[in-house]
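We count residues from 1, following the sequence as given. Counting convention: from 1, in listed order, for ligands and their atoms alike.
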Amino acid sequence: MLVDTFSVAGKADTTDYKTSKFVYNNTEVEMKDGHAVVTPTRKELEIRISQHAPKTGLMLVGFGGSNGSTLLGGLLANQHNISWERKDGVCNPNFFGSMIESSTVRLGTTHAGEDVYAPFRSLVPFVDPKNPDQFMLGGWDINNDNMYAAMQKAAVLDVTLQHKLRPYMENITPMPSVFDINFVAANQEDRANNVITAEYAKEMLGEEVDTTGRRWYVEVIKAQMRKFKEENNLEKIVVLWTANTECFAPIIEGVNTTEAELLASLKDAEKSKHIAPSSLFAIAAIEEKVTFINGSPQNTLVPGVIEYAVRNRSMIGGDDFKSGQTKMKSVLTDFLVSSGIKPTCIASYNHLGNNDGLNLSSPAQFRSKEITKANVVDDIVASNDILYKRPGEIEKPDHCIVIKYLKYVGDSKRAMDEYTSEIFMRGKNTIVLHNTCEDSLLAAPIIMDMALCGEMLGRLQIREPNGEWENFHPVMNTISFFCKAPRVPDQTPIINALPAQRACLENILRCVAGLPIETNMRLENRVM
Ligand code: NAD
């Protein structure tokens, strides 16, 4: 049974905050001569979130791409309740694929033995994407197509819907952006007709600019953000990179390994060439105290950027949307290893024909993707030395990732996976998957969720009883569920398994709502 909203008996929230006390049960482990001593720990904590969901603008870098135009079209269709016809009937808009908007949490069981569920979004006051007065999109693209033309080129949404969306989208044009062909594939150069120039910078900043280095780009981006916020009467903005995958930026001592190096390099003609456009957006967001999320695989969040964000207490997150093949991998490998089965060989092939695929056909950009896709099984494998222990060396499954550009399939990406595992008595088990899906229809709701979560996490605070309220860590590993290669604070293990990532986010929000964490013990059904 589904209910829209719920209240927790005996809990009264103020109009300003939703606040709850809870006990955090955990363990501390100490290794003594190869033996683990586990000490259960118990901490009383208070958690709260402000009740006011601010009017939020999500600014996408790469707004005019397949993901950006699909999200804008889908969002406007939902906000204006636009239905459209197809040969299989009339379609109504939805947010399927959004964990926040379309998944549920279990509240408990009635006396009659029926489970009662509520929408995930009812746990805390999220910004409501269906309400145009609360959530809107904008952003940058190096291509000057209006958003209707961009949606047409992306060829993702049904044409009948595109026609209905035309009046809403053809007057929206992305803002000029920073472009450096050295970071993306050569085949992207033709798109770049909407880039920030010295003249544009003068117009935005009201004075001549010194174009040595790349600091001036950061200043222009900041001015663009402020203008967008002001013109749309927004209380908050979130910036998210969904532009082309860049190659990895080299990590060079003296250039970008610390905040001080990074800020000095921005003004240096030579050193600043190593600072990727995506990092310039991250720096601008940090300086404006705006949440920044990297949805592509490259290392936008170089050490200097992370140090800068942490010191400024400005929220950052990423990397790379976990939308299709990798999402499946982080479920299937978790299932196999947690069942005591040993994956020994994972082969993953993809082909796609959209502009993302064209960009990834270049080796340096493919390498960024290969890295984020490859690491996803590491922690799952490391969790089970019964399966993988081999004296003297670390054993891992053989794992290869291939991506090919085949124009004909467009956005309808094919992912083919073969998982071979060792089972009982050295038997072998091979699972083969074939996944066909419009890539951008998977990514768009994830982009929205990342923005809604990123905004919400900025309002979440925790404290020990009567202590000072503290914000969550600026490196938002709480959004790992959405990321192929989750960014985590220093000295923090990376969790890739999808069920664990979801449980983390759900349980934190259950605590805010005043619900117990979901243990799945259900003793009431198991004990006489
Ligand atoms: P796309 O090529 O259709 O869109 C990217 C857009 O970015 C283009 O419009 C391009 O003009 C623009 N662009 C390039 N450099 C820019 C810059 N410096 N500033 C502003 N705009 C710039 O690609 P897409 O399919 O929308 O994917 C976008 C990104 O998301 C890619 O990096 C892709 O790897 C990543 N991603 C996508 C998925 C998915 O399922 N769709 C999953 C994971 C990651």
When you compare ligand 1 with [X], is there at least one nitrogen or oxygen pair between them that comes in under 3.5 angstrom?
X: Asp411; value: no
X: Ala443; value: no
X: Trp241; value: no
X: Asn355; value: yes
X: Leu360; value: no

What is the closest protein heavy atom to [atom], and at what distance does it sit?
atom: atom 25 (O) of ligand 1; answer: Asp356 CB, 3.5 Å
atom: atom 42 (C) of ligand 1; answer: Ser323 OG, 3.4 Å
atom: atom 37 (C) of ligand 1; answer: Asn67 ND2, 3.6 Å

Ligand-residue contact atoms, ligand 1 with [X], heavy atoms, under 4.0 Å:
X: Gly62; result: 6 (C), 7 (O), 12 (C), 20 (C), 21 (N)
X: Val178; result: 17 (C), 18 (N), 19 (N)
X: Gly64; result: 9 (O)
X: Ser296; result: 29 (C), 30 (O), 31 (C), 32 (O), 35 (C)

### Task
Answer yes or no: is there a donor N or O on one side and an acceptor on the other, between the side chain of Arg121 and the main chain of Val127, under 3.5 Å?
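Side chain of Arg121 to backbone of Val127, a donor-acceptor pair under 3.5 Å: yes, one is there.
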
Answer with yes or no whether the side chains of [Y] and [X] bring together a donor and an acceptor at under 3.5 Å.
X: Ser278; Y: Glu246; result: yes
X: Gln224; Y: Tyr200; result: yes
X: Lys322; Y: Gln501; result: yes
X: Gln365; Y: Asn244; result: no
X: Tyr308; Y: Glu287; result: yes
X: Thr257; Y: Glu261; result: yes
X: Asp411; Y: Ser440; result: yes

### Task
May I ask whether Asn359 has any heavy atom positioned less than 4.0 angstrom from an atom of ligand 1?
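Per 4.0 Å heavy-atom rule, Asn359 does not contact ligand 1.
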
### Query
Would you say Ile142 touches ligand 1, if touching means a heavy atom closer than 4.0 Å?
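It does, in that a heavy atom of Ile142 comes within the 4.0 Å cut-off of ligand 1.
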
### Message
My understanding is that only one of Val377, Leu433, Asn496 makes a side chain to side chain contact (heavy atoms under 4.5 Å, CB included) with Lys329; could you say which?
### Response
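Only match with Lys329 under side chain to side chain contact (heavy atoms under 4.5 Å, CB included): Val377.
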
Backbone, side chain, both or neither: what part of [X] comes under 4.0 angstrom of ligand 1, heavy atoms only?
X: Ala243; value: both
X: Lys322; value: neither
X: Ser177; value: side chain

### Derivation and outcome, side-chain contact (heavy atoms from CB on, under 4.5 Å), residues Ile275 and Leu266
CA-CA 8 Å; Ile275 306 177; Leu266 275 178; 3.8 Å; yes

